[in-house]
Peer 1: 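Dropping a structure here in structure tokens format, bear with me for questions.
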Amino acid sequence: MDTAIVPSTLLLTLLLLVGLFFFIRASTKDRTTKAQLVSEQDETALMAQVKEYFRSRSYQVAAIDREKNQVIFEGFVQPSWFLAVFLTLLASAGMACLGLVLSFLFPDFGTLFLGLVLLSPLSGLFYWQKAGRFEKVSFQIEEANQGELPSPSKITIIAHRDELMELQRVLQLKSAE
């Protein structure tokens, strides 16, 4: 085999492993965002629907501020089995590639390098330990246009990005932005 091919393949494999490392690390990143949504329902009906939605998602009321018309929910977010297994499989593929390239570069230790695959469950374990956490959801409902008869309600919510998308889909809310 050409002497320039294996070292350049090693370099590319190491670059891919750096990307894999950051992908695994980003799987546990907090993605809390703030959104303003609009509903055609009045304030009290929307408040009841939002509370029921979060209760059905195993969130519990942590605090209520009646002056600001704000409610804070807390809930434990379970890590995903699928994502833990997926990250482990990605890490095993990456480690197998690294072991294969290293076994070509250092043929005397070829089978030892393939043992790097045994490190791949650490990525799933890392995800499992970091992804399970308590999250807070804060929302505030107000009338969008005070004075109009059928006044739509505006909800300002701070929650995980995926939770916001699901809430918007289930309650058929429109973005105010």
Side-chain angles (χ1 to χ4, degrees), residues 1-37 50 53-54 56-60 62-63 71-140 155-177:
M1 191 174 284
D2 192 2
T3 58
I5 293 174
V6 176
S8 63
T9 305
L10 176 65
L11 177 67
L12 291 174
T13 305
L14 289 175
L15 288 174
L16 288 171
L17 284 175
V18 168
L20 177 63
F21 170 76
F22 283 109
F23 182 76
I24 292 170
R25 198 177 79 167
S27 69
T28 63
K29 183 180 176 188
D30 183 26
R31 289 179 170 74
T32 302
T33 57
K34 182 178 181 178
Q36 293 187 337
L37 307 171
V50 171
Y53 169 80
F54 283 114
S56 71
R57 304 275 291 182
S58 299
Y59 283 86
Q60 298 172 347
V71 179
I72 298 174
F73 283 94
E74 280 185 345
F76 184 76
V77 176
Q78 291 284 340
S80 166
W81 276 103
F82 172 78
L83 195 53
V85 170
F86 180 67
L87 291 174
T88 302
L89 290 175
L90 281 180
S92 64
M95 290 298 167
C97 290
L98 178 64
L100 187 63
V101 171
L102 289 174
S103 69
F104 280 127
L105 199 57
F106 304 106
D108 296 336
F109 305 105
T111 55
L112 287 175
F113 289 124
L114 293 177
L116 288 172
V117 174
L118 298 175
L119 296 175
S120 61
L122 293 176
S123 64
L125 184 64
F126 170 78
Y127 165 76
W128 196 261
Q129 288 179 343
K130 299 284 184 177
R133 62 180 171 267
F134 278 97
E135 288 196 8
K136 287 187 178 184
V137 174
S138 168
F139 70 91
Q140 180 179 9
I155 179 172
T156 303
I157 186 165
I158 301 171
H160 190 275
R161 178 183 63 187
D162 297 336
E163 198 69 59
L164 286 173
M165 288 188 296
E166 185 66 16
L167 175 73
Q168 192 172 0
R169 185 189 68 78
V170 169
L171 298 183
Q172 298 172 349
L173 301 171
K174 295 179 176 68
S175 180
E177 299 154 350

Peer 1: Contact between Thr33 and Ile158 at the side-chain level, heavy atoms closer than 4.5 Å - yes or no?
Peer 2: no
Peer 1: What class does the angle between the rings of Phe86 and Phe82 fall in, given that below 30° is parallel, 30 to 60° is tilted and above 60° is perpendicular?
Peer 2: parallel
Peer 1: To check you understand the geometry: which heavy-atom pair defines the closest contact between Glu166 and Arg57, and what is its length?
Peer 2: CG-NH1, 4.0 Å
Peer 1: Please find the pair of heavy atoms, one from Ser175 and one from Leu37, that lie closest to each other, and give the distance.
Peer 2: CA-CD2, 4.0 Å
Peer 1: Working to the nearest 0.5 Å, report the span between CG of Leu114 and CG of Leu116.
Peer 2: 8.0 Å
Peer 1: Side chains of Leu102 and Leu10: closer than 4.5 Å at any heavy-atom pair?
Peer 2: yes
Peer 1: Partners of Arg25 by salt bridge (Lys or Arg N to Asp or Glu O under 4.0 Å), sequence neighbours excluded?
Peer 2: none
Peer 1: Run the salt-bridge test on Arg161 and Glu163 with the 4.0 Å N-O cut-off and return the result as yes or no.
Peer 2: no
Peer 1: Output the distance between atom CG (Leu173) and atom CD1 (Ile157), rounded to the nearest 0.5 Å.
Peer 2: 8.5 Å
Peer 1: With a cut-off of 6.0 Å (strictly less than), are more than 12 heavy atoms of other residues, nucleotides or ligands near CZ of Phe23?
Peer 2: no
Peer 1: For Tyr59, run the ring pair (Phe, Tyr, Trp, His ring centres under 6.0 Å) check against Phe134, Tyr53, Phe139, Phe54 and tell me which one passes.
Peer 2: Phe54
Peer 1: What are the two closest non-hydrogen atoms of Lys130 and Thr28, and how far apart are they?
Peer 2: CB-CG2, 3.3 Å
Peer 1: For the atom pair CD (Gln36) and CD (Gln140), what is the distance rounded to the nearest 0.5 Å?
Peer 2: 9.5 Å
Peer 1: Taking all atoms of both residues into account, what is the closest heavy-atom pair of Leu87 and Ser27, and its distance?
Peer 2: CD1-OG, 3.4 Å
Peer 1: CG of Leu16 to CZ of Phe21: how many Å apart, nearest 0.5 Å?
Peer 2: 15.5 Å
Peer 1: How long is the span from the CD atom in Gln78 to the OG atom in Ser58, to the nearest 0.5 Å?
Peer 2: 9.0 Å
Peer 1: Do the non-hydrogen side-chain atoms of Tyr127 and Pro79 ever get within less than 4.5 Å of each other?
Peer 2: yes
Peer 1: So, Thr32 side chain and Ala159 main chain: donor-acceptor pair closer than 3.5 Å or not?
Peer 2: no
Peer 1: Check Leu164 against Ala35 and note the closest heavy-atom contact, atom names and distance.
Peer 2: CD1-CB, 4.0 Å
Peer 1: NE2 of His160 to CG of Leu167: how many Å apart, nearest 0.5 Å?
Peer 2: 14.0 Å
Peer 1: Tell me, with the steps shown, if Leu105 and Val101 meet side-chain contact (heavy atoms from CB on, under 4.5 Å).
Peer 2: CA-CA 6 Å; Leu105 199 57; Val101 171; 5.5 Å; no
Peer 1: Before giving the answer on side-chain contact (heavy atoms from CB on, under 4.5 Å), spell out for Leu14 and Leu98 the whole-Å C-alpha distance, their side-chain angles and the decisive distance to 0.1 Å.
Peer 2: CA-CA 7 Å; Leu14 289 175; Leu98 178 64; 3.9 Å; yes
Peer 1: Given side-chain contact (heavy atoms from CB on, under 4.5 Å), test Val137 with Ile72 step by step and report yes or no.
Peer 2: CA-CA 6 Å; Val137 174; Ile72 298 174; over 6 Å; no
Peer 1: Taking it one step at a time, do Glu74 and Gln60 satisfy side-chain contact (heavy atoms from CB on, under 4.5 Å)?
Peer 2: CA-CA 5 Å; Glu74 280 185 345; Gln60 298 172 347; 5.8 Å; no
Peer 1: So which heavy atom on Leu20 is nearest to which on Gly94, and how close?
Peer 2: CD2-CA, 4.3 Å
